[in-house]
**Q** 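To start, I am sharing the structure in question, which I have written as structure tokens.
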Amino acid sequence: MADSSRTNKRSSVEGEAQDSKRIKTNGDEKYNPYLAHLNEDNGNYSNSPLDKMHRHNTTALEASRAEDSDLNPWTGRRHSENYFKILKTRRDLPVHKQRQEFLDMYHSTQILVFVGETGSGKTTQIPQYVLYDELPQTHGKLIACTQPRRVAAMSVAQRVANELDVQLGEEVGYSIRFENRTGPKTLLKYMTDGQLLREAMHDPEMSRYSCIILDEAHERTLATDILMALLKEIAQRRSDLKIIVMSATLDAQKFQTYFSLRKEDPPAPLLAVPGRTFPVEIFYTPEPERDYVEAAVRTVLQIHAVEPEGDILLFLTGEEEIEDACRRISLEVDDMVRESDAGPMSIYPLYGTLPPHQQQKIFDKAPEPLKKGGRPGRKCIVATNIAETSLTIDGIVYVVDPGFSKQKIYNPRSRVESLLVSPISKASAQQRAGRAGRTRPGKCFRLYTEKAFKKELIEQTYPEILRSNLSNTILELKKLGIEDLVHFDFMDPPAPETMMRALEELNYLACLDDDGNLTRLGSMASEFPLDPGLAVMLISSPEFYCSNEILSITSLLSVPSIWIRPNNNRKRADEMKAQFAHPDGDHLTLLNAYHAYKGAEQNGEDVKNWCHEHFLSFRHLSSADNVRAQLKRIMEVNEIELISTPFQNKDYYTNIRRALLAGFFMQVAMRESSNSKVYKTVKDDQLVLIHPSTSVTNTYDWVVYNEFVLTTKQYIRTITNIRPEWLLEIAPVYYDVDSFEKGEIKSALVRLNEKVRRRQAMKGGR
DNA sequence: GAGCACTGC
């Protein structure tokens, strides 16, 4: 059956392929097979086994033959010995057995859903199967495979380049922020999902690609969700574009249903490949645990006492909890070694803000027995969710899962994103358990009851799109040409209130006009990889004669904090920070620190050392520098002037403070009353305190703040003193007195208006 | 007088 349908299609497909050969698709003669002989190192298409293959009508056998040949069909060079070694292991992967089945399905449909568990080889193999069927060199369109994380895009691209026996950056490449390793010969490109989205803003039809593979779609990152919706639309206009959605098994059906293009269409076809993992035995507690950290520590010690050799992975929710648990485990293990001859244990904390060299330590070997023939040592890693997806550690046999993680939640009413310790989902619990079975059969100890697992845990973690502020997303979608956001076909549509809040904010920022259309400012703002407020501030900054400085501040605000404050040296760190402090605000303090850093660099100092001495993060300062360079390029393209007020000019800092308001006029707070430390945010009247990390010692009546943080109390963090008159001048629409509820802020604005009017009248009278 | 789940452009 399958064979005859393939033969039937052959004629028409062949016609297409020849057509596309005649057309020079991308203006680069290297891609035109008729000119290929002019190109010495790329001229083997005419003898290549690929020549006999017909696009969208190839077989697994043909591909295998091409792969087996002495000459590399993609480069014309002789295959290395290593290539054949790798080829052999590739053919042992579970996915290999289904290559023909995959091709049959790929040929018969425009969109297909592919599920494969870890170890199936889907991320490396499927794009290569597609490559041997798409034959991109005949028509010049690329194959893209997206990943949620940069490291994955880089390492998988390297792996696949090795498998195909080509140089990374040539036929196989990757593209991530700050690094594009692709070239004119590139046929297969790994990239982050965010990067593809950014490309789409300039190429909304994604016309450079003939096939787009979305990997790890089950993670449901914001970018993946937008891409899915976008691709679903594009697919209806571009019948030549193929789409593969790759996911873990659990939610395959949801993807299938979603990717049925029209209501009357059947669900998108599904291909499933088994993974290669070992069984993991699950244990539950008979009763709910009151204190999960305590229970987790106890469980780890118990494993160490009675279970055979094998490393332990414990999931907790954050840095503090992890460091605390590590200390407690370490003390107890010392006792066990002394009292009951237990084996040694190395304990490693693991969380995202840990510097990379400390993260690397988790890959150290487990310790040797203390004496010859003694009880074996083991490794215990205490990690956040980072070990659930981003980092895989081989050798884990025991997983301890208390069932919690910190999750971002967004409250559209108060417009606050915050982190909350919440129960994980079933999918997460399953993923965590799976970490125990990567190298041999393992055990997972869940510190909750089986009933709680079945009845209380939700199936899937809510996708990010339902838990985020969408201002940035909405701006991107407008730039992508989506007019009707209300009917835009998201897999999980965000709450209308979240959308309304985003539209409202973008309207106040003048990125959208009153009809919801993208303005010139909005279009320009979308070019920057920044939140809309920051982008608008940056674009407006030449009007305040300080775009150089605002560019620096913007970069510093878009990287993690540059201030280091070690627990054992807080005082010294604070003293150092005070050296950079500007009395008027933290934004200016940041700028001072950055200028000092650049100064040290220009003086030829050892900057790493200089940062260390000044309790500044070299890592984050240099990444701010990277961001600055990228933003600067975008400014130049958009002809946004780079200017400074001379430092000697008395308005140097005033201009910067005023410029901050151009993007952050909605993030202003007024002191509740003189002699109070409590502030009230404008319009939404939240009572807040200034975050203790501030370098500002004076108490000002009006401040602009960078972020609202909800922890033990409500704080505003990174603040700068402003004059309220500036608000009337810079954001007159937002500060229209009539739009304010009755209260202190409204009265203050009324008084302010009168003052301004009096002053103008006096000027006019003179 | 706090804290920083994790990504990404």
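Naming: A, B, ... by sequence-line order, numbering from 1 per chain. Since the structure is predicted, the reported quantities are computational estimates derived from the model, not experimental observations. Hydrogens, waters and symmetry mates are skipped; everything else that's a heavy atom, side chains included, is used.
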**Q** Choose from B:dT7, B:dC4, B:dA2 the nucleotide whose nearest atom is closest to any side-chain atom of A:R717.
**A** B:dC4
**Q** Pick from A:K479, A:R633, A:R520: which one makes a salt bridge (charged side-chain N to carboxylate O under 4.0 Å, His left out) with A:E527?
**A**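 Only match with A:E527 under salt bridge (charged side-chain N to carboxylate O under 4.0 Å, His left out): A:K479.
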**Q** Round to the nearest Å and state the distance from A:L477 atom CG to B:dC9 atom C1'.
**A**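 It works out to 14 Å between those atoms.
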**Q** Less than 6.0 Å separating the ring centroids of A:Y292 and A:F404?
**A** yes
**Q** Out of B:dG1, B:dC4, B:dC9, which has the shortest distance to the side chain of A:R198?
**A**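 Among the listed nucleotides, the one closest to the side chain of A:R198 is B:dC9.
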**Q** Where the side chain of A:H691 is defined as all heavy atoms beyond and including C-beta, which of B:dA2, B:dC4, B:dC9 is the nearest nucleotide?
**A**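 Out of B:dA2, B:dC4, B:dC9, the nucleotide with an atom closest to A:H691's side chain is B:dA2.
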**Q** Answer with base, sugar-phosphate or nothing: what part of the nucleic acid does A:L197 contact at a heavy-atom distance below 4.0 Å?
**A**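 Here A:L197 touches no strand at all.
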**Q** Using a heavy-atom cut-off of under 4.0 Å over every strand shown, decide if A:R149 touches base, sugar-phosphate, or nothing.
**A** sugar-phosphate
**Q** Look at the rings of A:H691 and A:Y715 and say which category their plane angle falls in: under 30° parallel, 30 to 60° tilted, over 60° perpendicular.
**A** perpendicular
**Q** Give the rounded distance in Å between these two atoms: CZ of A:F178 and C1' of B:dC9.
**A**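 Those two atoms, CZ and C1', are 8 Å apart.
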**Q** Provide, to the nearest angstrom, the distance between the OH atom belonging to A:Y174 and the P atom belonging to B:dG8.
**A**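 In whole Å, B:dG8 P lies 13 Å from A:Y174 OH.
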**Q** Quick one: A:I716 CD1 to B:dG1 P, roughly how many Å, whole number?
**A**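 It is 17 Å, rounded to the nearest whole Å.
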**Q** What is the distance, to the nearest angstrom, from the CG atom on A:D193 to the C1' atom on B:dT7?
**A** 9 Å
**Q** Between A:L477 and A:F488, what is the shortest heavy-atom contact and its length?
**A**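 Distance-wise, the nearest heavy atoms are CD2-CE2, 3.8 Å.
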**Q** Once you apply a heavy-atom cut-off of 4.0 Å, does A:T389 come out as touching a base, just sugar-phosphate, or nothing?
**A**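 Here A:T389 touches no strand at all.
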**Q** Using a heavy-atom cut-off of under 4.0 Å over every strand shown, decide if A:T192 touches base, sugar-phosphate, or nothing.
**A**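 Sugar-phosphate contact only - A:T192 comes under 4.0 Å of backbone atoms but never of a base.
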**Q** Nearest to the side chain of A:S693, which nucleotide is it out of B:dA2, B:dT7, B:dC4?
**A** B:dA2
**Q** With respect to the phosphate group of B:dA2, does any side-chain polar atom (N or O) of A:K713 fall under 4.0 Å of OP1 or OP2?
**A** yes
**Q** Rounded to the Å, how far apart are A:Q359 CD and B:dA5 P?
**A**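 Value for this atom pair: 13 Å.
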**Q** B:dA2 P sits how many Å from A:L419 CG, rounded?
**A** 18 Å
**Q** Taking atom types as they are modelled, is there a donor-acceptor pair under 3.5 Å from the base of B:dA2 to the side chain of A:R570?
**A** no
**Q** B:dT7, B:dC9, B:dG1: which one has an atom nearest the side-chain heavy atoms of A:I386?
**A** B:dT7
**Q** Need one value for A:T384: base, sugar-phosphate or nothing, where a base atom within 4.0 Å counts as base even if backbone is also close, heavy atoms only.
**A** sugar-phosphate
**Q** For A:F528, answer base if it contacts any base atom (sugar-phosphate contacts may also be present), sugar-phosphate if it contacts only those atoms, and nothing otherwise; contact means non-hydrogen atoms under 4.0 Å.
**A**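 Contact class for A:F528: none.
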**Q** Measure from NZ or CZ of A:R432 to the centre of the six-membered ring of A:F315 and say whether it is under 6.0 Å with the direction within 45° of the ring axis.
**A** yes
**Q** A:E707 has an atom CD; how far is it from atom P of B:dC4, in whole Å?
**A** 8 Å
**Q** Ignoring hydrogens, what is the shortest heavy-atom contact between A:T589 and A:S695? Give both atom names and the distance.
**A**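 Closest pair (atom of A:T589, atom of A:S695, distance): OG1-OG, 2.8 Å.
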**Q** Pick base, sugar-phosphate or nothing for A:Q195, based on heavy-atom distances below 4.0 Å to the nucleic acid.
**A**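 If one applies the 4.0 Å heavy-atom cut-off, A:Q195 turns out to touch the sugar-phosphate alone, with no base involved.
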**Q** Specify the residue among A:E320 and A:D531 whose closest nucleotide of DNA chain B lies further upstream toward the 5′ end.
**A**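 Result: A:E320.
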